[in-house]
Amino acid sequence: MNEIPKAYNPSEVEDKWYKYWLEQNIFHSEIDNSKEPYTIVIPPPNVTGILTLGHVLNNTIQDIYIRTKRMQGYNACWVPGTDHASIATESKVVRYLKEQGIDKYEIGREKFLDACWEWTNKYGGIIIQQLKKLGVSCDWERERFTLDEDYYRKVIETFVQLYKEGKIYRGEKIVNWDPASRSAISDEEVNYRESNGKLWYIKYPVKDSKEFIEVATTRPETMLGDTGIAVNPKDERYKNLIGKFAILPLVDREIPIFSDWHVESEFGTGAVKVTPAHDPNDYVMGVEHNLEMINIFNEDASTNHNVPEEFQGLDRYVVREKAISRLKEQGYLVKEENYTNKVGYSERGGVPIEPYLSEQWFLKMEEISKPALDVVRNGEVNFHPDHWKKTYDHWMTNIKDWCISRQLWWGHRIPVWYCDDCRKEPIVSVDAPTKCPNCNSKNLRQDEDVLDTWTSSWLWAYDVFKTEEEKQYYYPTDLLVTAPDIIFFWVARMIIAGMHFRKEIPFKDVYFTSVLRDMQGRKMSKTLGNSPDPIEVINKYGADALRFTIIYSAPLGQDVLFSEDKCEFGRNFANKIWNAGRFLLMNAQTIKIDKSLADKHLDFADNWINSRFNKTLRDLINALDTFDINGSTKIIYSFIWNDFCDWYIELSKSRLYADNEEIKSAVLTRSIMMFENLLKIAHPFMPFLTEELWQAIEERKPGESISTSKYPEVNESLINEAAEKEMDFVQDIINGIRNIRGEANIPPSKALDVFIKIENLSEYQIEYIKKLAKLNSISFSSIIQQPKQSASSVVKGIEIYVSLEGIIDLDLERKRLTKEIERLEGSLAGIRKKLSNENFVKNAAKEVVEKERQKETDWVSNINKLKDILNNLN
RNA sequence: GGGGGCUUAGCUCAGUUGGUUUAGAGCAUCUGCCUUACAAGCAGAGGGUCGGAGGUUCGACUCCUUCAGCCCCCACCA
């Protein structure tokens, strides 16, 4: 290695090492009973999705744990895969076909599914390739897809099992209907958005009277399906009307006026038009009061034949306009007001949902969710940050039955068959029945619907493993890392499934990642175009830089504001490590590496860095254990940059440039060994750079990798307070001199002469101070007098004089000293105030008081010395 | 209407169970440097009465109450 580029170039090394890791099969895990498993299952991205910064954050965190545990000797297994994402994928394919002039319903189920598979095969590999660019160490041999044949079967088996347990039923209910994909969706798939609408006041004539009853509505078009009017039982205004009938304008239907506690007298007019087929609340009232349920919409939310002819076949919003203008013409519209309310949108379809009465399959949740609630409450499953526990608890205790059928084709088809001949009980079976068990008819028809995507992903934590042996070994998994927005969709349901089907928790810890926002705090989204493409960022800054930056800026439980140029931070850090390596390796070309000298010629700098490293390692492991992953990056950063680069390497230079070959070898060998340690602890965060440097340090055996090297262990005996104290002292002296130099703008090329009033300084201390403070000479003795034309500093009671003959600005120096004296006097005043407070002396801990007393004497001494210096300045 | 989170330097954020002088880092700013690892760098400096008010305490960025602002989640006000 003769020429090492000055700057780290990630694009030259990343692909090379990823390929190497795959070739060496480093990420693959097999059952090994001699090792403890450490398992993570990936939150499977949508099969045709592309990588977002959210994925980057979440997969980097998983990779950090997997890589750390792998190096620590665990059998680390990270199972990757993708989700067929029923509705998301299907709507993409529908849109694509539409652009080609092809209609889903015209080509039919089979051809449509062919198109979906084609689409999946075309785009399905993209996100996987992108994840590899990020450097994640998934076991790709275990890659799974929720529509894999055997996985598909598991989903079906689960349905059948639940059906047999009596947990699944079919029923007609109001569901959230997505008119764009013409399917039911679950409550969780509806997003509510503020919308500026109107509140229309409409009067309905009361039958056999001249009176009117006035109602208010945000959705006048639904009046075509009105079958009642409700008022609060206590509302005096309407008491006389209860039991009478109103005549529905435009339709001419007689509808009953009744009372119901759901109605709030204060809102609107206090009278509510009731449309049981198109409003969940009205539905409840409809059932209680035996109202007619008139469905006025087709599946695409256009009006059907249940409305008067002039309104038929129109889009719901067209009907709204038309209804209003008719009402106006006929004098029924009283007034309209601006009104802000929340409108539910389909998460995938992006259009307002329509509450819609239809026949669907439901899963009873109450009973099966109980054990899942317990394990979170009692801490078998831990959330990080743990305040999500509350959210979880609230949802779980108010859980509703889950609508699991979707009027879609891309997914797991519901394993239910109906006999067209006897029309008895539906046949529920994993394998297709050949004949009806009741009448032997072969006229069987399978349910057209598929299952909600999440009925496949809730099995993910264990059914990604194919055999029972593997499930026994790898399950429960250790950690789940996911975005908090799928806590109900996925996390809760996985815990439910784990507890119900395997009687075991699916994972011990759940880490909820930050939500990524742009620098204005807006959520990153495709439509805003404010989300940088991670691959472009990787190409520009490097995968390691992106990984480190995003983790460094993502504190647990808080949103993170991110922009591409923040990655300069990570890039600079990578470059810093690169150059530290470059320095060591360049020296290794001329200085012999000799591991037998590793413990020879130790001085306090060596003891200090060992001490710092072991403390750092201890802190780092603790941070990872407590899921303070953001903190862990800070620990690594400051050790590498400040301790190792700024001080240790700089200190080692004076010994590396001396002429004792053995000392040179000892120092360089040690430095490189320390560097290797630091590469190891940084590796899970920045895998590519660290592998590149680790491989460059020495000739490695074929197949060796830092990924499988042994993670350092804390050696408490190397934690050395004396060495840290000594280092502290030397650093203070150097900083004092540097401050004088900086303040006086003396260029580093001008070597200074320094006098220190101290009895003794070791040879190393002298060398280090000279080197780092750029001194020409250093004189010390306990009787040194303040030289003329010198600047001064008092460090830990020790006077330091920097001779500045001919260049000193006495005014400036006086100012500097005065400022320092004022600073100390300020602090002293604070301490004295404390100490003169009897209660403090009486109540505070003895050590604290003692510390303050010590400070007082120290500061008084420093101040006096500085005052003398100031007085004698000439 | 409930629940949760946030508010510390111009910007983005640290600050562990309340007690090392005058609260830290990175970026940005200013000054001096191409010092043979790194200008993506080195050295130095300036910059914050920790959102407001009150309280607990010998002592509060840290604990409590309250107010204000911002953000999320949940909930059947048509």
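Chain identifiers are assigned alphabetically (A, B, ...) following the order of the sequence lines, protein sequences preceding nucleic acid strands; residue numbering begins at 1 within each chain. Keep in mind the model is a prediction, meaning the values are calculated, not measured. Atoms considered below: every heavy atom in the structure, side chains included; atoms not considered: hydrogens, waters and symmetry mates.
For A:V343, the side-chain contact (heavy atoms from CB on, under 4.5 Å) partners at least two apart in sequence or on another chain are A:S195, A:N341, A:Y345, A:P352. Residues forming a ring-ring contact (aromatic ring centres under 6.0 Å, His included) with A:Y392 (at least two apart in sequence, or on another chain): A:F383.
As judged by a 4.0 angstrom heavy-atom cut-off over every strand, A:F267 is placed among the base-contacting residues. Here A:R571 lies in heavy-atom contact (under 4.0 Å) with a base. Residue A:Y283 is out of contact with every strand shown, counting any heavy-atom pair closer than 4.0 Å. Across all strands shown, A:I649 has heavy atoms under 4.0 Å from base atoms, whether or not it also approaches the sugar-phosphate. Residue A:R517 is in sugar-phosphate contact alone, with no base atom involved, counting any heavy-atom pair closer than 4.0 Å across all strands shown. If you check every strand for non-hydrogen atoms under 4.0 Å, A:L561 touches sugar and phosphate atoms only.
At a cut-off of 3.5 angstrom, the base of B:A43 holds no donor-acceptor pair with the side chain of A:E650. Judged by atom type and distance alone, A:K576 reaches the base of B:C38 through a side-chain donor-acceptor pair under 3.5 Å. Side-chain N/O atoms of A:N837 and base N/O atoms of B:C58 include no donor-acceptor pair closer than 3.5 Å.
Ring centers of A:F569 and A:Y637: under 6.0 Å apart, within the cut-off.
Here A:Y339 reaches the OP1 or OP2 of B:A78: one of its side-chain N or O atoms lies under 4.0 Å away. Remark: A:K273 is not in phosphate contact with B:A78, judged by side-chain N or O atoms under 4.0 Å from OP1 or OP2. Between B:U35 and A:K750, no contact under 4.0 Å exists linking OP1 or OP2 to a side-chain N or O. At least one side-chain nitrogen or oxygen of A:K819 sits closer than 4.0 Å to the OP1 or OP2 atom of B:G46. The phosphate of B:A43 (OP1 or OP2) has no side-chain N or O of A:N739 nearer than 4.0 angstrom.
Taking the six-membered ring where tryptophan is involved, the planes of A:F644 and A:F675 are essentially parallel, since the angle between them stays under 30° and well short of 60°.
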Original post:
What one-letter contact string describes nucleotides 14-19 of chain B from 5' to 3', where B marks a base within less than 4.0 Å of any protein heavy atom, S marks contact via sugar-phosphate atoms alone, and - marks no contact?
Top reply: S----B
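Put simply, the residue from A:I621, A:D625, A:L624, A:T626 that forms a side-chain contact (heavy atoms from CB on, under 4.5 Å) with A:S632 is A:L624.
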Between protein and nucleotides 29-34 of chain B, what N or O pairs are separated by less than 3.5 Å?
from  : atom 1 : to     : atom 2 : distance (Å)
B:U31 : O2'    : A:N745 : OD1    : 2.6
B:U31 : O2'    : A:N745 : ND2    : 2.6
B:G32 : O4'    : A:N745 : OD1    : 3.4

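With RNA chain B read from its 5' end, the first of the two nearest nucleotides for A:G826 and A:L199 is the one closest to A:G826. Residue whose closest nucleotide on RNA chain B sits further toward the 5' end, between A:D646 and A:E264: A:D646.
Sorted by residue number, the members of residues 385-398 of chain A with any non-hydrogen atom under 4.0 Å from RNA chain B read A:H387, A:K390, A:H394.
Relative to the side chain of A:E743, the nucleotides B:C76, B:G44, B:A37 differ in distance, and B:G44 lies closest.
Base-pairing analysis of RNA chain B finds the following stems of at least three consecutive Watson-Crick or G-U pairs, with both pairing distances under 3.5 Å: B:1-7 with B:68-74, B:10-13 with B:24-27, B:29-33 with B:41-45, B:51-55 with B:63-67.
Between A:R219 and A:E354, at least one side-chain N (NZ, or NE/NH1/NH2) sits under 4.0 Å from a carboxylate O, which counts as a salt bridge. For the pair A:K400 and A:E188, the salt-bridge criterion is not met [side-chain N within less than 4.0 Å of a carboxylate O]. Ionic pairing of A:E856 and A:R853 is not present here: no N-O contact between side-chain nitrogen and carboxylate oxygen is shorter than 4.0 angstrom. Of the charged side-chain nitrogens involved, none lies within less than 4.0 Å of a carboxylate oxygen, so that A:K819 and A:E822 do not count as a salt-bridged pair.
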